[in-house]
Trainee: 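Pasting a structure here, questions to come.
Heavy-atom basis, side chains included; hydrogens, waters and symmetry copies ignored.
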Amino acid sequence: MPELSRLKKYAAHPLVFGTMLLTAAGLAGRIIGFFYRIFLSHTIGAEGMGIYQLIFPVFSIGIAFCGAGVQTAVSKYTAEAAGASRCPQVCMYAGMVLASALSLLCACFIWNSSDMLAIAVLDEPRCAPLLRILSLSLPPAAIHACINGYYYGLQKTAVPSVSQLLEQVCRVACVYIIYRVRSSRGADVTAAMAVWGIVCGELAGLLFSLTVVRFAKCGAHLFHTIKQIALFSVPLTANRVLVNFVNSLEAVMIPFCLKAYGYSNKDALSIFGILTGMAMPMILFPNVLTNSVSVMLLPSVSQAKAQKNQALIRRTIRRTVGSCLVLGFASTLFFLLAGPFIGKYLFANTLAGVYIRTLSFICPFMFLTTTLNSILHGLGYPAMTLFLNLSGCLLRIACIRLFVPVYGLRAYLYSMLASQILIAVFAVLFLNRSAGKIRN
């Protein structure tokens, strides 16, 4: 009975309960997204998936620019305000003002520059109308991120979890309705319907959050708080934009180099769509578990560092490495055996099964780097995670540029494995050296 009471007390802890709630929402969202990808692969085809996936580099940079750093800043200052018994809503208001201004600026740029971005950057003119639609999702996404940051700062994850799930459900429902309407009229079904789904999903998440959030009159220090959040979010935003820019460059280069290898524009987009729209989401599916573990690792490692508990830090690193390797190798074995079945019978694409089987070997190292990055943050080494992640991206970009035009997509798949091994090995070496410096 004492063990049961301790377990109940542990589960009731805001961090643990919040992590469990986010994990449940994330898992449900991944399951919905999995079947959604299957639906898209059957309706818009591999080439349509390629065109659809090609706009996400622009979207990720836009989100990083107008929402990512501000959300983290809102979360930090909300927690501080709540701890000091000040009005925490002022942090949310300040973040919403900043995010609204940045997102409107970014949305206008993408809308007006869609043709230039599609031709000069993405090398695909058919992406231009999709980018214009996508730009409409940035303001609601940025404001929604600030509300989520406010609740994270209060250690209340119910609203972000429900809004995340609602956003996914509305996205899928919107796309399905558009598909049924266009099909009944005999109209073409294109990737545009999937982009409208993103817009509808972001709007649904925002409207839900605005409905349940508690507003209060506390605007006395609004301008001072705006300045605080802006200054704090600048380096965070710069880091996010830099990482997303390098990742986006990697994604944009793949179809370009596949065409240099000898594929036609249609075949290059189809292969890109199969890889990024079918195979990679499948490989990333188990990562929802390691993401949740990462949330729990950061505060525990931070506390151990503050106490200079070298033994606990070493034990945490050792257990993390062992657990991630077990989960990773189990996932590798599953995808090795089930990859062809998943590709043939779920995505109706045998090439997707080939890519899933090839990518299965990155699972142990990918899961390991997710959790090791969290430990590095907990120990106070965010610059090291940035350096490692950028090093991995640059390695993949070099392989894309040098080897994909000669050896095809196999070179990129092998570069993904090499980069994940590189990041994991150097993270383990750095953590072992850093843990040794901490003295009891």
Side-chain angles (χ1 to χ4, degrees), residues 55-81 88 90-113 117 121 131 134-153 160 164 198 202 205-206 209 221-252 291 294-295 298 370 373-374 376-378 380-394 397:
I55 65 173
F56 277 93
V58 177
F59 184 58
S60 62
I61 292 176
I63 289 294
F65 174 74
C66 61
V70 176
Q71 177 183 348
T72 304
V74 169
S75 180
K76 168 184 165 59
Y77 286 109
T78 296
E80 291 182 0
V90 69
C91 304
M92 179 179 65
Y93 302 153
M96 291 170 71
V97 170
L98 277 173
S100 298
L102 291 173
S103 61
L104 287 173
L105 181 67
C106 190
C108 289
F109 171 77
I110 293 175
W111 180 282
N112 294 323
S113 307
L117 291 171
V121 178
L131 289 173
L134 189 68
S135 67
L136 302 176
S137 68
L138 289 177
I143 298 171
H144 184 204
C146 291
I147 299 175
N148 285 347
Y150 165 73
Y151 278 105
Y152 290 144
Q164 174 186 338
I198 295 175
E202 294 293 350
L206 173 62
S209 299
H221 304 288
L222 179 62
F223 292 106
H224 174 69
T225 308
I226 290 175
K227 182 180 178 181
Q228 273 188 319
I229 290 177
L231 291 175
F232 184 82
S233 63
V234 166
L236 291 173
T237 300
N239 284 343
R240 294 287 183 89
V241 170
L242 178 60
V243 171
N244 278 281
F245 174 78
V246 177
N247 284 328
S248 300
L249 180 62
E250 174 186 338
V252 170
N291 287 338
S294 299
V295 174
L298 193 149
T370 301
N373 282 344
S374 182
L376 285 169
H377 281 297
Y381 299 113
M384 178 51 95
T385 62
L386 176 64
F387 171 75
L388 290 174
N389 291 328
L390 283 179
S391 299
C393 289
L394 292 174
I397 287 174

Trainee: Where do Thr78 and Cys91 come nearest, in terms of heavy atoms and distance?
Mentor: OG1-CB, 3.5 Å
Trainee: Distance check, rounded to the nearest 0.5 Å: Ile198 atom CD1 versus Ile55 atom CD1?
Mentor: 5.5 Å
Trainee: Spell out, as yes or no, whether a donor-acceptor pair under 3.5 Å connects the side chain of Ser113 to the backbone of Ile110.
Mentor: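 Not confirmed, Ser113 side chain does not pair with Ile110 backbone.
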Trainee: CD1 of Ile143 to CG of Asn148: how many Å apart, nearest 0.5 Å?
Mentor: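 It comes to 12.5 Å.
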Trainee: Can you establish whether the number of heavy atoms outside Phe56 located under 6.0 Å from its atom CZ is more than 12?
Mentor: yes
Trainee: What distance separates Leu131 CG from Asn112 CG, expressed to the nearest 0.5 Å?
Mentor: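 The distance works out to 12.5 Å.
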Trainee: Please find the pair of heavy atoms, one from Phe109 and one from Leu117, that lie closest to each other, and give the distance.
Mentor: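 Heavy atoms only, the tightest pair is CE2-CD1, 4.5 Å.
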Trainee: Can you tell me how far the CG atom of Leu394 sits from the CG atom of Asn389, to the nearest 0.5 Å?
Mentor: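 Leu394 atom CG to Asn389 atom CG measures 11.0 Å (nearest 0.5 Å).
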Trainee: What are the two closest heavy atoms between Ile61 and Phe245, and how far apart are they?
Mentor: CD1-CA, 3.8 Å
Trainee: So, Ser248 side chain and Pro57 main chain: donor-acceptor pair closer than 3.5 Å or not?
Mentor: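 Yes, because the side chain of Ser248 sits within donor-acceptor range (under 3.5 Å) of the backbone of Pro57.
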Trainee: Could you pull out all residues at least two apart from Ala230 that satisfy side chain to side chain contact (heavy atoms under 4.5 Å, CB included)?
Mentor: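 Listed in chain order: Leu98.
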Trainee: Identify the heavy atoms of Val70 and Ser233 that sit nearest to each other, and give their distance.
Mentor: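 Answer, listing the atom of Val70 first, then Ser233: N-CB, 3.9 Å.
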Trainee: Taking atom OH of Tyr93 and atom OH of Tyr150, what is their separation to the nearest 0.5 Å?
Mentor: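 Interatomic distance, Tyr93 OH to Tyr150 OH, rounded to 0.5 Å: 7.5 Å.
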Trainee: How far apart are the closest heavy atoms of Phe59 and Leu134, and which atoms are they?
Mentor: CB-CD2, 3.4 Å
Trainee: Find the distance between CG (Leu206) and SG (Cys146) and round it off to the nearest 0.5 Å.
Mentor: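 So the gap between those two atoms works out to 10.5 Å.
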Trainee: Could you give all pairs that pass the salt bridge (Lys or Arg N to Asp or Glu O under 4.0 Å) test and reach residues 243-252, with sequence neighbours left out?
Mentor: Glu250-Arg396
Trainee: Using every non-hydrogen atom in the two residues, find where Ala64 and Asn244 come nearest and quote the distance to one decimal.
Mentor: CB-ND2, 3.5 Å
Trainee: According to side chain to side chain donor-acceptor pair (under 3.5 Å), who are the partners of Ser209, at least two apart in sequence or on a separate chain?
Mentor: His144
Trainee: List the residues meeting side chain to side chain contact (heavy atoms under 4.5 Å, CB included) with Ala94, not counting sequence neighbours, and say none if there are none.
Mentor: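 So Ala94 forms a side chain to side chain contact (heavy atoms under 4.5 Å, CB included) with Leu222, Thr225, Ile226, Ile229.
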Trainee: Could I get the full list of side chain to side chain donor-acceptor pair (under 3.5 Å) partners for Gln228, not counting sequence neighbours?
Mentor: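 Here no residue qualifies.
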Trainee: A side-chain contact here means heavy atoms from C-beta on lying under 4.5 Å apart; do Leu136 and Trp111 qualify?
Mentor: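 Leu136 reaches Trp111 side chain to side chain.
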Trainee: Only counting residues at least two apart or in another chain, list the ones meeting side chain to side chain contact (heavy atoms under 4.5 Å, CB included) with Ala145.
Mentor: Gln71
